[in-house]
Each structure stands twice: as structure tokens, then as C-alpha cells.
Amino acid sequence: MTRRKVVVAGGAAVAAVGVGGGIAATANAGQTTGMGEGATAKAAGSAAEECYKLTSETTEGPYYIDADKIRRDITEDKEGIPMTLRIKVIDSESCKPVRNAAVDIWHCDALGIYSGYEDASTGGGGGGTRPSGTPSDVPSGTPTGSPPEGGGGGVHEEPTDEERYLRGTWRTDKQGFVTFKTIFPGWYRGRCVHIHTKVHVNGEWTDAGYEGGNTCHTGQFFFDEESVLASAEVEPYSTSTTERTTLEEDTIYDQSGTTGGLLKLKYKKGDIAKGVIGTITVGVDPEATNTGTG
């Protein structure tokens, strides 16, 4: 059994996020069509086809903090493309939603910096040339060697500062859904654009937060190349001088699509700056323990 306790944020920090992401769950990466009423039936069919697949486990990375704030809006004052992230957690064997689970997410800001580790992060400064074009010379086969520098490894590092932006924890509802308000992440040396996540179950929600239970999933969510290239046209992403690792080059993403954590994204083509909706169904084994540190 693992034990975790998180600090409850003030009322202003837990303002409700719009639920439009539920309909957007049918959107494919880069899709820009309107959110029609027929989307719900399509979403149900897609979920049924994928519900028996366990979502890939990945490394926790060095920048996890086991004391995040209980909140759905994790943006704080960080600049970037607004993003609504809607996650559904299901039991991969029964396909039933996992309710009252504690879901953590954390990621870097638009320039590759992690809160709590601003000195250690390998983000890029301003003034550089943004990435452009379509990736070429895509590697094939199974990645080998050690994880890349800059957050790929599973060895935890102690925080170096008190900042906690772009980090948060919230509970799944009766349908297994949890929704966060954040920004589109940037990139840093050695990794493609991603969001970290953990799912905790069998614990107890208290006035202090969430305690006990087991961490049944540790994973990462990934972004398709088209959306990343579009984000790179927008400030402050466009000021980054950091060399970017593509989705195909990343040594953590297993190239398995949704099962590997690839998000379904919806935004207005040609104007991604107005905002992005990201959705994904995460299949877990509630009885398992996956800390991502071993």
C-alpha cells in the first residue's frame, strides 16, 4: 500500500471547467469539424473497441511531486495556448468507469520549465527559430539505450523551489471522467511534447485531500506532430531555442496510438491559439501497482 496526502486548494482554484470536452472526445488528432450531437454515439463505439486494452505504463520521470493541489484549473499565471484535458478512466477488464479515483497531471510550461524544478529544467530561452516542416528520417524498430536527458528517467529528484504551476489532482466522477484546465505544453531537450499522469485508487478522500490506496497507473499523454508544429507558430512557444524531439523519435512513447497515450485533439485549424481540447480513455487495472519508479 502506498500513502499519499495532497493539500486542498482554495475555492477559487477549483472553479468548474466546461464540459464541452465530452462531446469532443470523438475528434481525431487535428480534426476541426464542429461538435455535432452524433458524436456521443461514436464515442461510445470507440470506447467499446478499446476498453480491453491496458494503457501503456511509463516512467514517472524525475519531476513528480507527491503533494500537488486538489484543483482542476492548474494554469496559474502561465502563458500559453489554453487547453482543456478530459480523461476517462476505465477498468480495462470490465470496461466499467473507475469512479472517485485521484488523477494527477503535471507538465512543463511553454518553454520547457517544470514548476518545483525551475533550476533543473532544460527549457529553452527566447529568440530562436521555431521548428518547421514535416519530420523526416523517422527511426524504426524498438528504441534502445538509456532514457533521454531532461525528464526521461524514473529517478526522482527533490524539488528545488516552491512553485507548483501546471500541477494538480482531481477525482473522477461517476462516469470515470475528470477534466483539467491547463495550457498546451512546450518541449525540452530529449523529449517530445507530453503530459505526465498518475491514477490512484482504493484510497480515501478526506478534508486534507486523498490518502492511502495504490497507484494503479503511471503514464504520459502525447501530442501528434501536426498540433505541435501548429503550436510552435504561437508565442511564447515560437521563442524557444531548444531542439525539439519528434513523437517518432521519442524513446518513451511506444508508437501504439491511443493505447500508448496519444491524445485526440480538437482545435480550429489555422488558429490553434484560441484553444485545444484533448481527450483520452485510460484503461487501468485497479488492483495493480504501477509507480513508474522501478
Side-chain angles (χ1 to χ4, degrees), residues 1-8 21 25 46-72 74 85-107 147 151-156 167-180 182 194-206 208-222 252-254 256-264 278-294:
M1 298 286 285
T2 60
R3 181 173 179 84
R4 61 191 310 275
K5 188 171 183 179
V6 286
V7 180
V8 177
S46 298
E49 293 172 0
E50 299 177 357
C51 68
Y52 291 98
K53 295 181 181 179
L54 277 169
T55 300
S56 302
E57 299 294 328
T58 68
T59 175
E60 173 186 284
Y63 301 147
Y64 176 60
I65 299 176
D66 189 24
D68 289 347
K69 296 180 179 179
I70 301 294
R71 58 183 182 178
R72 285 177 281 188
I74 66 173
L85 177 61
R86 188 164 171 83
I87 304 162
K88 183 173 185 179
V89 182
I90 64 170
D91 184 317
S92 65
E93 183 174 346
S94 69
C95 304
K96 293 181 179 179
V98 179
R99 63 179 64 184
N100 290 323
V103 179
D104 299 328
I105 67 167
W106 70 101
H107 62 84
V155 180
H156 177 72
R167 298 176 178 273
T169 303
W170 197 252
R171 73 171 72 188
T172 56
D173 63 18
K174 292 181 179 180
Q175 287 75 43
F177 283 105
V178 61
T179 303
F180 291 96
T182 184
H194 64 283
I195 293 175
H196 292 267
T197 188
K198 281 181 178 285
V199 179
H200 311 274
V201 295
N202 301 319
E204 180 182 1
W205 290 94
T206 70
Y210 186 80
E211 301 182 19
N214 55 295
T215 302
C216 69
H217 175 68
T218 298
Q220 297 180 26
F221 301 134
F222 299 94
I252 302 299
Y253 175 57
D254 64 10
S256 65
T258 302
T259 302
L262 186 64
L263 293 166
K264 294 181 180 179
T279 60
I280 193 167
T281 296
V282 177
V284 303
D285 176 358
E287 301 305 316
T289 296
N290 294 295
T291 63
T293 58

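Each residue takes its place number in the sequence, starting with 1.
Contact annotation: the side chain of Ile90 approaches that of Thr281 to within less than 4.5 Å [non-hydrogen atoms, C-beta and beyond]. Looking at Val284 and Asp91, their side chains never come closer than 4.5 Å, going by heavy atoms from C-beta outward. Annotation: side chain of His194 is not in contact with side chain of His107 (no heavy-atom distance under 4.5 Å). Using a 4.5 Å heavy-atom threshold, the side chains of Ile87 and Phe180 count as touching. Counting only heavy atoms from C-beta outward, the side chains of Asp104 and Trp170 never approach each other to under 4.5 Å.
Checked against the 6.0 Å centroid criterion, the rings of Tyr64 and Trp106 qualify as a close aromatic pair.
A distance of 4.0 Å separates CD in Glu211 from OG1 in Thr206, rounded to the nearest 0.5 Å. Rounding to the nearest 0.5 Å places CD1 of Ile280 at 7.0 Å from CG of Leu262.
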(request) Tell me, with the steps shown, if Thr197 and Val103 meet side-chain contact (heavy atoms from CB on, under 4.5 Å). (result) CA-CA 7 Å; Thr197 188; Val103 179; 3.8 Å; yes
(message) Pair Arg86, Thr179 - check side-chain hydrogen bond (donor to acceptor under 3.5 Å, both in side chains), show working.
(response) CA-CA 4 Å; Arg86 188 164 171 83; Thr179 303; 2.9 Å; yes
(request) Start with the C-alpha gap between Glu93 and Asp285, add the side-chain angles, then the distance that decides, and say whether side-chain contact (heavy atoms from CB on, under 4.5 Å) holds. (result) CA-CA 7 Å; Glu93 183 174 346; Asp285 176 358; over 6 Å; no
(message) Please evaluate residues Ile195 and Gln220 with respect to the criterion side-chain contact (heavy atoms from CB on, under 4.5 Å), reporting the C-alpha separation (whole Å), side-chain torsions for both, the decisive distance (0.1 Å), and the verdict.
(response) CA-CA 5 Å; Ile195 293 175; Gln220 297 180 26; over 6 Å; no
(message) The test is side-chain hydrogen bond (donor to acceptor under 3.5 Å, both in side chains); show your working for Asp254 and Ser56 and say whether it passes.
(response) CA-CA 8 Å; Asp254 64 10; Ser56 302; 2.6 Å; yes
(request) Determine, step by step, whether His196 and Glu60 satisfy the side-chain hydrogen bond (donor to acceptor under 3.5 Å, both in side chains) criterion, reporting the C-alpha distance in whole Å, the side-chain angles of both residues, the deciding distance to 0.1 Å, and the verdict. (result) CA-CA 7 Å; His196 292 267; Glu60 173 186 284; over 6 Å; no
(request) Test Thr293 against His156 for side-chain contact (heavy atoms from CB on, under 4.5 Å), laying out the working first. (result) CA-CA 8 Å; Thr293 58; His156 177 72; 5.8 Å; no
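A distance-only check finds no donor-acceptor pair linking the side chain of Thr169 to the backbone of Ile70 [under 3.5 Å]. A donor-acceptor pair under 3.5 Å links the side-chain atoms of Thr172 to the main chain of Ala101, judged by distance alone. For the pair Asp173 (side chain) and Phe177 (backbone), a donor-acceptor distance under 3.5 Å is present. A donor-acceptor contact shorter than 3.5 Å links the side chain of Thr59 to the backbone of Gly61.
With hydrogens and angles left out, the side-chain atoms of Asn214 and His200 include no donor and acceptor closer than 3.5 Å. Between the side chains of Lys264 and Thr279, no donor-acceptor pair of N or O atoms lies under 3.5 Å. Side-chain contact, Thr218 with Asn290: no donor N or O sits under 3.5 Å from an acceptor N or O.
Thr55 is linked by a side-chain hydrogen bond (donor to acceptor under 3.5 Å, both in side chains) to nothing, counting only residues two or more places apart in sequence or in another chain. For the ring-ring contact (aromatic ring centres under 6.0 Å, His included) test, residues two or more places apart in sequence or in another chain that qualify with Phe222 are Tyr253.
Nearest approach of Glu57 to Cys216, heavy atoms of both residues: OE2-O, 3.7 Å.
For the pair Arg171 and Trp205, the cation-pi test (distance below 6.0 Å, angle within 45°) is passed.
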